[in-house]
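Here the structure is a predicted model, which means the values were calculated and not measured. Numbered from 1 within each chain, the chains take letters A, B, ... in sequence-line order.
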Protein chains: 2
Amino acid sequence: MPVKSLPVSAMELRSFPLLKPLREEMLTELASTARALEFAGNEVVFRAGEPAAALYGVLSGSVVLYRSSADGREQVVHDTGAGRTIAEAAVFQYGSFPVHARAGTRGARLAQVEGARFLAILDRDPAAMHSVLAALCRRLHELVDRVEILSLPDAGQRLARFLLRLPAEGRAGSFRVRLPVAKKDLAAQLAMTPETLSRVLKRWREQAWAVVLDDEIELLDAAALEQIAAES
Amino acid sequence: MPVKSLPVSAMELRSFPLLKPLREEMLTELASTARALEFAGNEVVFRAGEPAAALYGVLSGSVVLYRSSADGREQVVHDTGAGRTIAEAAVFQYGSFPVHARAGTRGARLAQVEGARFLAILDRDPAAMHSVLAALCRRLHELVDRVEILSLPDAGQRLARFLLRLPAEGRAGSFRVRLPVAKKDLAAQLAMTPETLSRVLKRWREQAWAVVLDDEIELLDAAALEQIAAES
DNA sequence: CGGAATCTTGAACGATTTCAACGGTAGTGG
DNA sequence: CCACTACCGTTGAAATCGTTCAAGATTCCG
């Protein structure tokens, strides 16, 4: 059992995409019965087969989801970090946990949210339910896009695709975008090193396709980039 | 306006992840007011600002979502193919389409599903709503996993991670998995060429970490693979 | 004014892709 | 039943691309 059990704030709950669309009063209600649990390293959070009475959000640390085979070997199904929620699907279907969960080796802080309470809130307010649905759909699209981008073998292609669907301003043929994150984080998001990102931009600059000023990039030859992005 | 408007079968609707969890009778009801629309190349499906009265599933061909800037330049936001649904988020929030949509250059066949009808079905049956939510959550997890895998720079790492969370059977230290798809498709899913996949498996074979028989792979040294997968 | 962090650039190495060829298998049509 | 073809999977060799390691430039912050 967890070392400590403390109250959770509505704000903390809002850090989870699943709960984010809820209105303030709903989050407060949810928070009233939610608990922040501190688990020691490798401590069990729940076991497969137990009724899924609550869903868990990872506040810090990590949680390992695993199956245990007959011989006691542990097969890791999942290894989730902060910001992820766990067991929502089981909760929505009134089911049991399909896998075991334990804290990572360095422990974890989890928000435990009563499943029934969450469902009740959604069931009594269709608009909130629709918001949650809409949010999930948007996030799904976003992820599908990221998978598509990450599947491209060429670093330039990945960057071009990413930039071309950023909100842009400018005229035909040439336009300007603002990077939403630091270059090093962008690089990570596009599965390349910062060095490679820098070099791709340099190459584009040399070919007069782009001008870079800090986090602003002026795409001079949209046609060229679109061709790169479309290749394959 | 579309060239043809034909009825859609419940079965066709089930091919979309969003609708898949619905019970047969619900799909039939949905299908009764749904239409399969055939769009010619580049034909407009809907315009930004119009009320989102329906959501669309791509049956074949592709749909391009785009914004148009003041000068008439067209910025592509999205390029979706068969199996994807469009505009669900807007429908769930009773909003307007945020972008324009047109068929790809080679046309498209779309299932047009009445948004109000879909919402009505879900609102009157909480269990169905919960199934849809659960399905979306599961798919979300799946995609987050894929993004994580695709972000790994090393081909061996990607394959190891993938294999280790496949349903497995076997004893401690050694177990067997069955590939869910052909090797060439697996390679594509892991963002590598079939050749590279073949070579990674060969290397593992030479190190006595694995034995491959068609689509069955015996992992002899789970510890070694786990270490590879965990690195970085 | 340090000092840290980000970004850039260079060079060398390593990995993966590419190109090419071959064996095996399944499906097709004679 | 047997070519014959087409596709998948494998292997080899070469080339390319990205990473790694190292260093310098710049900015921001204490």
Side-chain angles (χ1 to χ4, degrees), chain A residues 146 148-163 166 176-219 224-225 227-232, chain B residues 147-163 166 176-219 224-225 227-232:
Chain A
R146 279 190 68 181
E148 264 179 14
I149 288 183
L150 289 174
S151 296
L152 298 172
D154 183 77
Q157 258 181 66
R158 295 202 295 279
L159 179 59
R161 278 237 187 150
F162 180 86
L163 293 181
L166 237 39
R176 204 162 354 113
V177 297
R178 180 181 290 273
L179 298 183
V181 295
K183 289 212 184 75
K184 103 184 156 73
D185 296 318
L186 175 60
Q189 214 174 107
L190 297 177
M192 62 182 86
T193 58
E195 292 94 324
T196 299
L197 173 57
S198 182
R199 276 187 259 271
V200 171
L201 286 175
K202 184 188 181 191
R203 195 166 58 223
W204 288 1
R205 205 183 315 135
E206 289 168 354
Q207 311 212 354
W209 289 355
V211 180
V212 184
L213 272 93
D214 286 331
D215 65 343
E216 288 214 352
I217 301 185
E218 175 121 25
L219 287 320
L225 294 187
Q227 189 173 348
I228 289 179
E231 266 166 22
S232 130
Chain B
V147 167
E148 264 179 13
I149 288 182
L150 287 174
S151 296
L152 298 172
D154 183 78
Q157 258 181 68
R158 295 202 296 278
L159 180 59
R161 279 236 186 150
F162 180 87
L163 293 181
L166 236 39
R176 203 162 356 112
V177 297
R178 179 180 291 272
L179 297 183
V181 295
K183 288 210 184 78
K184 111 186 150 73
D185 297 317
L186 175 60
Q189 216 174 107
L190 298 177
M192 63 182 85
T193 58
E195 292 94 325
T196 300
L197 173 58
S198 182
R199 278 188 259 269
V200 171
L201 287 174
K202 184 189 181 189
R203 195 166 59 224
W204 289 0
R205 205 183 315 136
E206 288 168 355
Q207 310 212 359
W209 290 354
V211 181
V212 184
L213 272 94
D214 286 331
D215 65 343
E216 290 215 350
I217 301 185
E218 176 122 25
L219 287 321
L225 294 188
Q227 188 173 348
I228 290 181
E231 265 166 24
S232 133

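Where B:R158 and A:L197 each meet DNA chain C at their nearest nucleotide, the meeting point lying more 5' is that of A:L197. Both A:V200 and B:L201 lie close to DNA chain D; mapped to their nearest nucleotides by heavy-atom distance, the more 5′-ward contact belongs to B:L201.
Between A:K183 and C:dT8 there is a side-chain N or O to OP1 or OP2 distance below 4.0 Å. Look at B:T193 and you'll find a side-chain N or O under 4.0 angstrom from OP1 or OP2 of C:dT17. Between B:T196 and C:dT17 there is a side-chain polar atom (N or O) within less than 4.0 angstrom of OP1 or OP2.
Between A:R205 atom CZ and C:dT8 atom P the separation is 7 Å, expressed in whole Å. Per the geometry, CG belonging to B:L213 stands 14 Å off C1' belonging to D:dG9, to the nearest Å. We find that CG of B:D215 is positioned 14 Å from P of C:dT25, with the value rounded to whole Å. Distance B:R199 CZ to D:dA14 P: 13 Å, rounded to the nearest Å. Put simply, NZ on A:K202 is 12 Å from C1' on C:dA11, counting in whole angstrom units. Counting to the nearest Å, the C1' atom of C:dG14 and the CZ atom of B:R203 are 11 Å from each other. Atom CG of A:D214 is separated from atom C1' of C:dT6 by 11 Å (rounded to the nearest Å). Per the geometry, CE belonging to A:M192 stands 15 Å off C1' belonging to C:dC7, to the nearest Å.
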| message | Using side chain to side chain contact (heavy atoms under 4.5 Å, CB included), reason through A:T193 and A:L197 one step at a time and then give a plain yes or no. | response | CA-CA 7 Å; A:T193 58; A:L197 173 57; over 6 Å; no
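A 4.5 Å side-chain heavy-atom check between A:L201 and A:I217 finds at least one atom pair inside the cut-off. A heavy-atom distance below 4.5 Å is not found between the side chains of B:I228 and B:R161. The shortest side-chain heavy-atom distance between A:V212 and A:W204 does not fall under the 4.5 Å cut-off.
Residue A:S151 comes nearest to B:L150 through the heavy atom pair OG-CD1, 3.9 Å, listed as atom of the first residue, atom of the second, then distance.
The stretch residues 184-191 of chain A comes close to DNA chain D through A:A191, each having a heavy atom under 4.0 Å from the strand.
In this structure, CG in B:L225 is found 5.0 Å from CG in B:L219, a value given to the nearest 0.5 Å.
In terms of polar N and O atoms assigned as donor or acceptor, the side chain of A:E195 comes within less than 3.5 Å of the base of D:dC21 in a complementary pairing.
No more than 12 heavy-atom neighbours from other residues, nucleotides or ligands sit within 6.0 angstrom of CD on A:Q227.
With D:dG12, C:dT9, D:dG18 as the candidates, the nucleotide lying closest to the side chain of A:A155 is D:dG18.
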